[in-house]
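In what follows, a single structure is set out as structure tokens and then discussed.
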Amino acid sequence: MIDLAALRKDPAIFRKAFADRGAAIDVDALLAQDAKVRELKTRAEGLKAELNAASKAIGAAAKQGGAAVEEAKAKARALGDQQKAADSEREALEKALAEQLLYVPNPCLPEVPAGTDAAGNVVVATWGDEPQFAFKPKAHWDIAPALGIMDFERGAKLAGSGFVTLRGAGARLQRALVTWFIDQHVANGYTEWAVPYLVSPQIMQGTGQLPKFADQLYRCKDDDLLLVPTAEVPVTNLHAGEILDGASLPLKYCSHTPCFRREAGAAGVGTRGMTRVHQFDKVEMVWFTTPERSRADLETMRGHAEALLKGLGLRHRVLQLCTGDTGFSSACTFDLEVWSPGTQGWLEVSSCSTFTDFQARRAGIRARGADGKPQLVHTLNGSGLALPRCLIAILETYQQADGSVVVPPVLRPYLGGMERISK
RNA sequence: GGAGAGAUGGCAGAGUGGUCGAAUGCGCCGGUUUCGAAAACCGGUGUGCCCGCAAGGGCACCGGGGGUUCGAAUCCCUCUCUCUCCGCCA
């Protein structure tokens, strides 16, 4: 959620930011409503103050008794009616304004390149040479089923298209990746969390998934719970409504969870194999930090994600997303894309963002600063990393002419020393 | 799932219709004292919002929501959560 006081103070900045994003936000309408709400509030509170004073007087008078008390009560009753009317008007308008505010995106940082869509994203770094093969490299959907480590048909049998199963060394490889990732994060000072995979609608609102992206979420109607689309949601909301100790910042958390996404409207686009599925595993990094250091922390966190790809020896690049491609809640995002030799394309395996105070304001996450006053924190998160596409890149990058796949050395200890996955 | 008990400030714990944003204790911060510290004593110590240049004034919050009343931490309804016991269960 944006800061209404900031909007009042400098609407021009917000107008430009929304335009850059391609978001049709009527700033003037928001400002007008805000002014009206505050006017009504002042009036209603004034009446309430009168009423409170009148009630107090009745209390004092009642002790002495007397006929004047009944008359005073009648007057107070009339005042109360007036106050209630004014307050209900204020309440309705304030609620409507708050509702609209939930659909207003986070302005991007000034440094974010302007652009309307993914074509405007800027490559800021590339690592690794393109792997060379003495044969035509295959795609993972050919490699993995042939090795018997991935089964798409059975996934579809269980839950429909977009669900896959991993078998034997495939399942174990994924588990090895998860464990190695988390071990790296813990070594970097992160605290690991295990969290619920179902959360309430209010929690989804805290991080910005609701109300705008309801159609992308799986919902358990009978219990009014939603399956998490990313660990960002439960982990960021761990501190919802809390006032943290400023000296404890930055807090660095990581968590491994499955992620559930309906992917409504994405059918047919890059969905073959395990590239885009309704359920996948991911290790997520989440930071709670201060406004002063959040931008620098984003670099650090992105470095942690990149280090994983380097450790695995996977060619990758880093994109800074342009204004038009930056997510609703984010102020600045870097995507990490890994190279897929089988499809000769790039696959997004991580998205590292700073949400500035946007999520903190929605979720009510503050920290007590040096001056003793609570202040909204900045939240960051980044994948570290998404599992399916890492599996894809490993299988395709390390495939051999005989169909086997060499295991990256860093993972071997997690696979009982296995050096190669063969049939 | 059934039965019962409970939810008050950082913590503990009073308060059952009026001057209660809330006693008291602990904790924390500042001061006095001390060579220094402890102890003791004195003072302070929640959050959000509105009006205001400011000084200052006002409103709201005692788990959430709703109701009764001139007035609710206190009465009523409802939801959530916690604890105890029973059942079921990985």
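Proteins come first, then strands; the chains are lettered A, B, ... in the order of their sequence lines, and each starts at number 1.
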Interatomic distance at C1', B:C89 relative to B:C81, whole Å: 22 Å
If you measure from the Lys or Arg side-chain nitrogens to the Asp or Glu carboxylate oxygens, is any gap between A:Arg302 and A:Glu306 under 4.0 Å? yes
Looking only at atom P, what distance separates B:G6 and B:A60, rounded to whole Å? 29 Å
Between B:C70, B:C59, B:U19, which one does the side chain of A:Ser55 approach most closely? B:C70
For B:A23 versus B:U84, give the span between their C1' atoms, rounded off to a whole number of Å. 30 Å
Considering only atom C1', compute the distance from B:A72 to B:G21 and round it to an integer number of Å. 14 Å
Whole-Å distance between B:G48 C1' and A:Leu376 CG? 12 Å
Quick one: is A:Asn52 getting a side-chain N or O under 4.0 Å of the B:G71 phosphate, OP1 or OP2? no
Counting the atoms with a prime plus P, OP1 and OP2 as sugar-phosphate, which does A:Ala54 contact under 4.0 Å by heavy atoms, base, sugar-phosphate, or nothing? nothing
Let's test this: given Watson-Crick or G-U wobble pairing with both distances under 3.5 Å, identify the partner of B:C83. B:G4
What does A:Leu51 touch in the nucleic acid at a heavy-atom separation under 4.0 angstrom: a base, only the sugar-phosphate, or nothing? sugar-phosphate
Taking the same atom, P, in B:A3 and in B:G15, what whole-Å distance lies between them? 29 Å
Separation of the P atoms in B:C61 and B:G9, to the nearest angstrom: 15 Å
Evaluate side-chain contact (heavy atoms from CB on, under 4.5 Å) for A:Phe288 paired with A:Val286, printing each intermediate quantity in order. CA-CA 7 Å; A:Phe288 300 83; A:Val286 174; 3.9 Å; yes
Taking the side chain of A:Arg368 as heavy atoms from C-beta outward, which of B:C70, B:C50, B:G46 is closest to it? B:G46
Quick one: A:Lys73 NZ to B:C70 P, roughly how many Å, whole number? 7 Å
Looking only at atom P, what distance separates B:A39 and B:G31, rounded to whole Å? 16 Å
Could you please name the option among B:C50, B:C70, B:G48 that lies closest to any side-chain atom of A:Arg366? B:G48
Can you say whether the rings of A:Phe358 and A:Phe328 are parallel (under 30°), tilted (30 to 60°) or perpendicular (over 60°)? perpendicular
When you get a sec, tell me which of B:C70, B:A60, B:U47 is the closest nucleotide to the side chain of A:Lys48? B:A60
Expressed as a whole number of Å, how far does the C1' atom of B:G58 sit from that of B:G4? 44 Å
Where the side chain of A:Ala49 is concerned, which of B:C59, B:G66, B:C50 is the nearest nucleotide? B:C59
With heavy atoms under 4.0 Å as the rule, sort A:Arg90 into base, sugar-phosphate or nothing. nothing
Report the base-pairing partner of B:U16 (Watson-Crick or G-U wobble, both distances below 3.5 angstrom), or none. none
